[in-house]
Colleague: 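Pasting a structure here, questions to come.
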Amino acid sequence: MRRVVSLVPSLTEAVAASAPGLLVGATDWCTHPADLAVTRVGGTKNPDTAAVAALAPDLVVANEEENRPADLATLRDLGLEVWVTRVRSLPEAFAELHRLLVEGCALPRPAWLDDAEAAWQDLPSEVDARPRRRAVVPVWRRPWMALGRDTFAGDLLARLGVDHVLAGAAERYPRFDPAALGAGVIDLVVLPDEPYRFTATDGPEAFPSVPAALVDGRYLTWYGPSLVAAPEVLGRALAGARRFGAGG
């Protein structure tokens, strides 16, 4: 059995759901599954490379966006095999998950991955029937930053009938001014709870003229078992968008 250390929360969940005995280490941010009992090796941006090496993994799982190249180079210099995923769309997510689990971890293709592909192929008919909406999708505050070009979360939203207006930005996560994106420019603001934790009282007030949808960031930005329920969970949150009062 291979020994795996994961430096990406969504991939930690993917490996754990497929063969929990493989995981020997994960980051402090790896919160799923809730009962995961492995050695913690620091954060995604500042892993303890010596601690990772001490676990003697056969494979270290990383991502080109989540993890820093310098840390991955250090792990390789320590003689470890590092598997780096690149995920900027739903098809890439499915392809990378299959490649990681079947080729990298030498596992049978998990049933949940088939279920996830089916869930996104069989979207409810009302998704195509309703008018498309224009949205901004903030990911940080102070300074304000949002989804820009070429993002996995943006691709998911587009499949659910939401086009984010900064998709043509030069940066993948551009800074923006909320005051410049009111009614007439957007008709929706999508506020996830990670990486910045937007809430009913922290975020919607900056967009008083448009409805806000508070979404679970795990279903918007994670690629793994959460993709099975993501169409339903995100669809429900988007359908429930509303204007929030001063008290939330």
Side-chain angles (χ1 to χ4, degrees), residues 10 64-65 86-96 116-141 143-200 202-224 226-244:
S10 57
E64 51 107 23
E65 181 174 28
R86 180 188 188 277
V87 175
R88 299 189 181 187
S89 69
L90 184 62
E92 282 187 346
F94 289 142
E96 287 285 68
E117 289 195 349
W120 283 94
Q121 288 171 356
D122 301 326
L123 293 174
S125 58
E126 57 263 28
V127 171
D128 292 327
R130 67 170 67 104
R132 297 191 69 84
R133 287 178 286 179
R134 298 166 300 162
V136 65
V137 189
V139 295
W140 202 255
R141 185 169 191 170
W144 283 98
M145 300 174 69
L147 294 186
R149 63 170 181 84
D150 198 22
T151 64
F152 171 71
D155 187 48
L156 293 195
L157 289 171
R159 294 168 189 275
L160 295 172
V162 176
D163 300 312
H164 64 293
V165 296
L166 297 178
E171 301 84 19
R172 297 185 64 218
Y173 300 99
R175 295 189 182 192
F176 75 100
D177 178 5
L181 294 175
V185 179
I186 59 174
D187 43 44
L188 177 69
V189 56
V190 178
L191 296 169
D193 62 5
E194 59 175 70
Y196 186 92
R197 188 174 182 81
F198 289 105
T199 67
D202 186 357
E205 79 289 346
F207 307 87
S209 62
V210 297
L214 298 173
V215 304
D216 186 328
R218 176 168 164 260
Y219 292 99
L220 181 62
T221 63
W222 288 35
Y223 35 91
S226 58
L227 285 172
V228 177
E232 178 184 354
V233 173
L234 292 174
R236 188 166 59 245
L238 294 170
R242 63 184 179 88
R243 290 183 175 84
F244 288 80

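Positions are given from 1, in the same order as the sequence printed here.
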Colleague: Could you tell me which non-hydrogen atom of Tyr219 sits nearest to which non-hydrogen atom of Ser226, and how far apart they are?
Modeller: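 Smallest heavy-atom distance, with atoms named: CD2-O, 3.4 Å.
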Colleague: Would you give the length of the straight line joining atom OG of Ser89 to atom CZ of Arg159, rounded to the nearest 0.5 angstrom?
Modeller: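 Going from OG on Ser89 over to CZ on Arg159, the span is 7.0 Å.
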Colleague: So with a 6.0 Å cut-off around CZ of Arg132, is the heavy-atom count from everything else above 12?
Modeller: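 Enclosed.
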Colleague: Could you walk me through whether Val137 and Leu166 pass the side chain to side chain contact (heavy atoms under 4.5 Å, CB included) check?
Modeller: CA-CA 9 Å; Val137 189; Leu166 297 178; over 6 Å; no
Colleague: Side chains of residues 173-192: which donor-acceptor partners sit under 3.5 Å, not counting sequence neighbours?
Modeller:
unit_1, atom_1, unit_2, atom_2, d
Tyr173, OH, Glu65, OE2, 2.4
Asp177, OD1, Ala179, N, 3.0
Asp187, OD1, Arg134, N, 2.9

Colleague: Is Glu194 paired with Arg218 through a side-chain N to carboxylate O contact shorter than 4.0 Å?
Modeller: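 Not counted as a salt bridge, because no side-chain N and carboxylate O are separated by less than 4.0 Å.
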Colleague: Kindly check if the number of other-residue, nucleotide or ligand heavy atoms within 6.0 Å of CD (Glu232) is above 12?
Modeller: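 It does not: Glu232 CD has 12 such atoms or fewer within range.
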Colleague: Kindly give the heavy-atom pair with the smallest separation between Ala212 and Pro204, and that separation in Å.
Modeller: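 Reported closest heavy-atom pair: CB-CB, 4.1 Å.
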Colleague: If we ignore hydrogens and angles and just use 3.5 Å, is the side chain of Arg149 paired with the main-chain N or O of Ala170 as donor and acceptor?
Modeller: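 Yes; judged by distance alone, with no hydrogens or angles, the pair exists.
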Colleague: May I ask you to decide if Ala230's main-chain N or O and Trp120's side chain share a donor-acceptor pair within less than 3.5 Å?
Modeller: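 No, Trp120 side chain to Ala230 backbone: no donor-acceptor pair under 3.5 Å.
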Colleague: What I'd like to find out is whether the side chain of Val215 reaches to under 4.5 Å of the side chain of Val233, using heavy atoms alone.
Modeller: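 Not in contact.
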Colleague: Can you list the steps and then say if Asp193 with Leu214 is a side chain to side chain contact (heavy atoms under 4.5 Å, CB included)?
Modeller: CA-CA 7 Å; Asp193 62 5; Leu214 298 173; over 6 Å; no
Colleague: Check whether Arg243 reaches the backbone of Ser209 with its side chain - one donor and one acceptor, N or O, closer than 3.5 Å.
Modeller: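 Yes; judged by distance alone, with no hydrogens or angles, the pair exists.
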Colleague: Specify the closest pair of heavy atoms between Leu227 and Pro231, including all atoms of both residues, with the distance to one decimal.
Modeller: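 For Leu227 and Pro231, the tightest heavy-atom pair comes out as O-CD, 3.4 Å.
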Colleague: Parallel under 30°, tilted from 30 to 60°, perpendicular over 60°: which one fits the rings of Trp144 and Phe198?
Modeller: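 The rings of Trp144 and Phe198 lie parallel, inter-plane angle below 30°.
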Colleague: Minimum heavy-atom separation for Leu234 and Asp216, please, with both atom names.
Modeller: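 Minimum heavy-atom separation between Leu234 and Asp216: CD2-O, 4.5 Å.
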Colleague: Taking Glu92 for its side chain and Leu90 for its backbone only, find out whether a donor-acceptor pair lies under 3.5 Å.
Modeller: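 No; zero donor-acceptor contacts below 3.5 Å.
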Colleague: Could you tell me which non-hydrogen atom of Pro138 sits nearest to which non-hydrogen atom of Phe207, and how far apart they are?
Modeller: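 Looking at all heavy atoms of both residues, the closest pair is CG-CZ, 4.1 Å.
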Colleague: Can you give me the closest heavy-atom contact between Asp150 and Arg86, atom names plus distance?
Modeller: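 Shortest heavy-atom contact: OD2-NH2, 4.0 Å.
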